[in-house]
Amino acid sequence: MTSATPDTDESRYDFRALEAKWLPVWQETEPFRAGGADDDRPSKYVLDMFPYPSGDLHMGHAEAYALGDVIARYWVQRGFNVLHPIGWDSFGLPAENAAINRGLDPRGWTEDNIAQQRASMERYACSFDWTRVLATHRPEYYRWNQWIFTRLYEKGLAYRKPSQVNWCPKDQTVLANEQVVGGLCERCDTPVTKKKLTQWYFKITDYADRLLDDLDTLKDTWPSKVIAMQRNWIGRSQGADVVFTIEGRDQPIDIYTTRPDTLHGATFMVVAADSDLAAELASTADAATQEAFEAYLATVKGTTEIDRLSTDRPKTGVFLGAYAINPVNGEKLPMWASDYVLADYGHGAIMAVPAHDQRDLDFARTMDLPVRTVLACLDEEGQPLPDPSESGVATTGEGTLVNSGSLDGLDKAAAIAAITAELEAAGAGRVATNYRLRDWLISRQRYWGTPIPIVHCADCGEVPVPDDQLPVELPASEGLDLKPKGQSPLAAATDWVNVPCPNCAGPAKRDTDTMDTFVDSSWYFLRYLSPTKTDGPFDSAEASRWAPVDQYVGGVTHAILHLLYARFFTKALHDMGHVNFEEPFLALLNQGMVQMDGSTMSKSRGNLVRLSEQLDEYGVDAVRLTMAFAGPPEDDIDWADVSPAGSMKFLARAWRLARDVTSEPGVDPATGDVVLRSHTHKTLAECAQLVEGFRFNVVVARTMELVNVTRKAIDSGPGPADPAVREAAEAVTVLLSLFAPYCSEDMWDMLGHSNVAHAGYPAVEPALLVDDTVTCVVQVAGKVRDRLEVAPSIGEDELRSLALGSSAVVKALNGAGVRTVIVRAPKLVNIVPA
RNA sequence: GCCCCCGUAGCCCAACUGGCAGAGGCAACCGACUUAAAAUCGGUCCAGUGCGGGUUCGAAACCCGCCGGGGGCACCA
């Protein structure tokens with residue numbers, strides 16, 4: 001049977017017409033402007049990670065914003081006052097590269113891109129509050145980066161130090177540890193090298209314990225994967241510092257070890273080749289040793305990160321001509337320099353216990369150094385493990401101490417406790433904790449970033465720019481050579497650089513580095529709360545009204561970098577009394593990536609499918625729906641596996657439902673078809689749960705099912721005038737408003753209403769959720785033998801006798817007795833024959 | 001090398017967290033409507049849940065061991 005209304009041109013779903021019709025209306029009505037302080041609805045802060053303004057939106061943006069929108073639009077329907085802002089992470093290298101390669105002004109290029117991207121977002125019907133947009137490259141924003149920097153500086157959390165830093169030879173700038181991926185520059189995949197420079201750091205390591213421990217508060221609302229990655233990154237380890245004296249040197253040195261129990265097994269020491277200590281020890285050695293060390297250091301410095309990181313690399317090193325004294329037995333331990341010890345972890349030197357550490361054993365075998373077993377270890381069968389000096393395999397697990405004086409016979413844990421106490425009493429050691437996490441290097445030798453608000457004065461040293469002189473604005477790029485050359489381009493802006501010292505008014509120079517753009521994104525979620533405020537970064541009343549973010553949505557690519565920094569900023573701001581919470585993002589949803597035939601699409605790898613073409617062909621709604629329907633949000637979507645054409649057809653089908661309803665708005669649904677009503681209310685109840693669990697693909701499937709059922713009701717059931725049909729069509733419309741704004745707005749309009757975004761999630765009538773009867777499955781020996789229609793409230797005993805009386809059951813039992821009957825009223829009975 | 005996640009129909013995915021393997025979609029095929037096509041409507045086909053054990057009255061789900069795919073960490077002492 002076909003629908004009653006003929007499909008004339010005017011009564012057909014036409015996504016182009018709907019987009020043209022409703023976009024201007026929304027631009028007028030601003031349906032997603034967040035309510036003010038007088039709004040008495042409960043508040044909900046839903047945040048999408050803000051984009052870099054790279055130009056037009058791509059498929060990845062389309063997925064992220066489609067999913068973020070489902071959440072934001074759902075809570076609006078639920079009657080919440082939702083804040084769903086957007087802005088631009090607009091400092092960074094692409095603008096600078098456009099300037100270098102094409103002679104464009106970074107400011108103009110960035111603003112043009114923002115305008116283009118905003119227009120795309122509006123077309124895409126993103127439910128953003130357009131009154132709060134921010135862009136981090138604008139002085140009214142980065143002024144507060146500088147303000148926060150100054151606060152951190154005052155607290156000793158921003159400081160300058162010389163050290164070996166990661167250096168990208170192509171971008172000619174330093175990189176934070178987090179920006180080095182597998183030894184390559186995160187941005188351009190160039191092998192990273194090391195360089196000794198004086199740079200600005202944020203002291204994130206002061207917060208290592210809290211950053212780690214507070215992850216526990218997020219474990220139910222953040223992806224476990226992200227929590228694991230952060231834990232791993234912070235890398236807390238418990239051990240001990242042990243003090244070793246060095247022959248011929250006044251100062252003893254500390255080493256860090258997680259295995260103080262194996263101290264008696266130390267047979268040599270290793271010092272990081274690039275550490276000050278190694279250089280110092282070598283400098284006092286004989287000429288041949290000095291020469292060997294210099295040669296070795298030169299090869300180490302020439303090794304790129306990527307080579308250094310490769311495993312199975314043979315151990316290298318040189319003898320430093322010095323000896324350390326083992327505090328527990330007075331033994332002389334030769335001191336070696338090697339690059340397998342890192343200068344910036346622990347104390348840059350280790351005690352080597354080759355029998356019980358594989359790296360030390362590899363080194364010992366290469367250099368022909370002694371190996372002493374101090375731990376007797378057993379394998380899974382209880383057999384003694386072979387001697388590491390012969391097997392070449394260090395025994396690194398549990399064991400019983402041997403050759404260790406007073407520790408002999410103890411197990412690992414007892415030995416660690418005993419030796420630590422012993423060392424502590426002798427002043428030769430103490431319990432210690434170490435972290436993989438390093439301080440956050442924030443200086444960049446690039447133009448397009450926030451100037452560091454420090455003036456260097458010959459007399460006063462580092463002087464922060466006073467708050468009332470902020471922002472320190474970037475000088476115009478005109479006339480500056482922005483090409484990377486290892487020194488900030490700002491150094492050439494002499495008019496800008498030379499300033500009077502804020503302290504003594506003498507001649508001084510501005511710091512010419514700019515901040516890592518991750519500084520910008522570490523607090524932007526707070527700026528949205530009062531984006532035009534001029535006497536502070538954000539309004540604390542607004543912050544306590546909205547923040548922290550209830551739901552954050554973004555890619556897993558930021559699992560470590562951005563999220564860790566934002567958590568650090570939040571804790572620091574908390575400690576300074578600016579916010580009253582310690583975690584910025586209460587819940588996190590990571591969406592997957594969009595691929596095409598198995599290859600990733602991204603701005604760096606090229607866009608295999610152009611979003612604009614998809615939108616032109618299938619419409620905004622169909623693309624958004626496809627993103628939500630493709631699968632669980634955290635899974636990657638392969639565009640070759642999904643069907644925007646199918647989504648479009650479904651939307652057309654849903655749209656015709658609204659078109660075909662003939663009852664009047666406001667008609668009482670209670671008189672409508674009960675079967676359809678029950679289906680509608682069950683769908684509404686289930687979909688609410690599904691949305692809150694981010695099961696958007698299932699929500700779409702349930703909505704499709706409801707559309708199918710309603711279609712049947714119109715064509716071959718109670719007909720288009722039945723009030724239950726209107727109720728169902730309205731439910732479909734509200735559910736679709738989460739995914740397909742244009743289509744649902746038009747449906748809502750056809751149904752005689754306006755402003756679907758605020759329609760409100762229909763109330764579920766609990767009575768309609770329970771069926772009069774349920775089907776009970778009766779199994780014999782696990783196989784289904786009968787089905788019974790029973791009341792949902794049926795008792796166990798009644799159901800048991802009903803099942804046992806079933807003729808199908810009697811037949812299946814075939815005379816055999818009954819051993820057990822499992823009854824799970826009202827849905828299942830399993831009869832176990834004797 | 002270590003840690004984590006995932007294997008259900010030709011494909012993308014559901015399955016009330018231990019109770020009838022199939023909700024939804026894609027693709028394919030058949031039919032209705034049509035002069036015809038498109039659109040629409042109706043229908044059909046298709047797996048026993050990667051493999052092998054175990055627990056249980058009952059396992060896609062829980063446990064153990066493999067295989068395959070994806071991701072993270074990787075000289076951090």
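What you see is a predicted model; the values in this text were computed from it and never measured. So that the names make sense, note that chain A is the first sequence line, chain B the second, and so on, each numbered from 1.
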Rounded to whole Å, please give me the gap between [atom1] in [X] and [atom2] in [N].
| X | N | atom1 | atom2 | answer |
| --- | --- | --- | --- | --- |
| A:Lys827 | B:C16 | NZ | P | 10 Å |
| A:Ile416 | B:A77 | CD1 | P | 12 Å |
| A:Ile255 | B:A77 | CD1 | C1' | 8 Å |
| A:Ile560 | B:G72 | CD1 | C1' | 8 Å |
| A:Gln595 | B:C12 | CD | P | 12 Å |
| A:Ile637 | B:C6 | CD1 | P | 19 Å |
| A:Leu657 | B:U40 | CG | C1' | 14 Å |
| A:Glu634 | B:C4 | CD | P | 19 Å |

Heavy-atom distance under 4.5 Å between the side chains of [X] and [Y], does that happen here?
| X | Y | result |
| --- | --- | --- |
| A:Met269 | A:Ile255 | yes |
| A:Asp621 | A:Phe739 | no |
| A:Thr710 | A:Asn708 | no |

Counting side-chain heavy atoms from C-beta on, which of [options] comes nearest to [X]?
| X | options | result |
| --- | --- | --- |
| A:Arg12 | B:A77, B:C11, B:A39 | B:A39 |
| A:Val698 | B:C20, B:A77, B:A14 | B:A14 |
| A:Ile350 | B:C20, B:A23, B:A77 | B:A77 |
| A:Arg695 | B:A77, B:A14, B:C20 | B:A14 |
| A:Tyr345 | B:A77, B:G24, B:C13 | B:A77 |
| A:Arg787 | B:C20, B:A77, B:G42 | B:C20 |
| A:Ser643 | B:C26, B:G25, B:U40 | B:C26 |
| A:Pro632 | B:A77, B:A14, B:C20 | B:A14 |
| A:Arg702 | B:C75, B:G24, B:A14 | B:A14 |

Legend entry - Where the chi angle of B:G10 falls, syn if within 90° of 0 and anti if not: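 Glycosidic conformation of B:G10: anti.
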Inset, instruction - Enter syn or anti for the glycosidic conformation of B:U8, syn applying to angles within 90° of 0. - result: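 Chi for B:U8 falls in the anti range.
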With sugar-phosphate meaning primed atoms plus P, OP1 and OP2, does [X] contact a base, only sugar-phosphate, or nothing at under 4.0 Å between heavy atoms?
| X | value |
| --- | --- |
| A:Lys649 | sugar-phosphate |
| A:Phe650 | nothing |
| A:Ala228 | nothing |
| A:Asn708 | sugar-phosphate |
| A:Val556 | nothing |
| A:Val777 | base |

Considering all heavy atoms of both residues, which atom of [X] and which atom of [Y] are nearest to each other, and what is their separation?
| X | Y | answer |
| --- | --- | --- |
| A:Ala337 | A:Ala273 | CB-CA, 4.2 Å |
| A:Val374 | A:His264 | CG1-C, 3.7 Å |
| A:Leu423 | A:Pro327 | CD2-CG, 4.3 Å |
| A:Leu320 | A:Ala278 | CD2-O, 3.7 Å |
| A:Glu789 | A:Thr775 | OE2-OG1, 2.8 Å |

Let's test this: given Watson-Crick or G-U wobble pairing with both distances under 3.5 Å, identify the partner of [N].
| N | result |
| --- | --- |
| B:A59 | none |
| B:C2 | B:G72 |
| B:C20 | none |
| B:C26 | B:G10 |
| B:C66 | B:G50 |
| B:G31 | B:C41 |

Please report the distance separating the [atom1] of [N] from the corresponding atom of [M], rounded so that it comes out in whole Å.
| N | M | atom1 | result |
| --- | --- | --- | --- |
| B:A14 | B:C6 | P | 12 Å |
| B:A74 | B:G68 | P | 25 Å |
| B:A38 | B:C29 | P | 12 Å |
| B:C4 | B:C62 | P | 15 Å |
| B:C45 | B:C5 | C1' | 34 Å |
| B:G18 | B:G1 | C1' | 37 Å |
| B:A15 | B:U49 | C1' | 11 Å |
| B:A61 | B:G19 | C1' | 11 Å |

Inset, instruction - Please round to the nearest 0.5 Å and tell me the distance separating atom CD of A:Gln238 and atom CG of A:Asn434. - result: 9.5 Å
Legend entry - Distance (rounded to the nearest 0.5 Å) between A:Asp797 CG and A:Leu799 CG: 9.5 Å
Please confirm whether the shortest side-chain N or O distance from [X] to OP1 or OP2 of [N] is below 4.0 Å.
| X | N | value |
| --- | --- | --- |
| A:Tyr340 | B:A77 | no |
| A:Arg436 | B:A74 | yes |
| A:Asn697 | B:A14 | yes |

Quick one: which protein N/O atoms are closer than 3.5 Å to N/O atoms of nucleotides 55-62 of chain B? Pair and distance per line, please.
unit_1 : atom_1 : unit_2   : atom_2 : d
B:C57  : O2     : A:Asn830 : ND2    : 2.4

Legend entry - A:Phe363 six-ring face occupied by A:Lys315 cation (under 6.0 Å, within 45°):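 Negative - A:Lys315 is either too far from the ring of A:Phe363 or too far off its axis.
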Show each protein N/O and nucleotides 28-31 of chain B N/O combination with a separation under 3.5 Å, one pair to a line.
none

Legend entry - Passing candidate, side-chain contact (heavy atoms from CB on, under 4.5 Å) with A:Ile419, options A:Val242, A:Thr262, A:Leu263: A:Leu263
Inset, instruction - Using atom types as modelled and distance alone, determine if a side-chain donor or acceptor of A:Arg430 lies under 3.5 Å from a backbone N or O of A:Asp241. - result: no
Inset, instruction - Using modelled atom types only, decide if a donor and an acceptor are shared between the side chain of A:Gln358 and the backbone of A:Ala394 within a distance under 3.5 Å. - result: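 Checking the backbone N and O of A:Ala394 against the side chain of A:Gln358, a donor-acceptor pair under 3.5 Å is found.
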Legend entry - Closest-nucleotide 5' rank along RNA chain B - winner of A:Met229 and A:Ser237: A:Met229
Inset, instruction - Tell me which of A:Leu690 and A:Ala652 sits closer to the 5' end of RNA chain B, going by the nucleotide each one is nearest to. - result: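 Going by which nucleotide is closer to the 5' end, it is A:Leu690.
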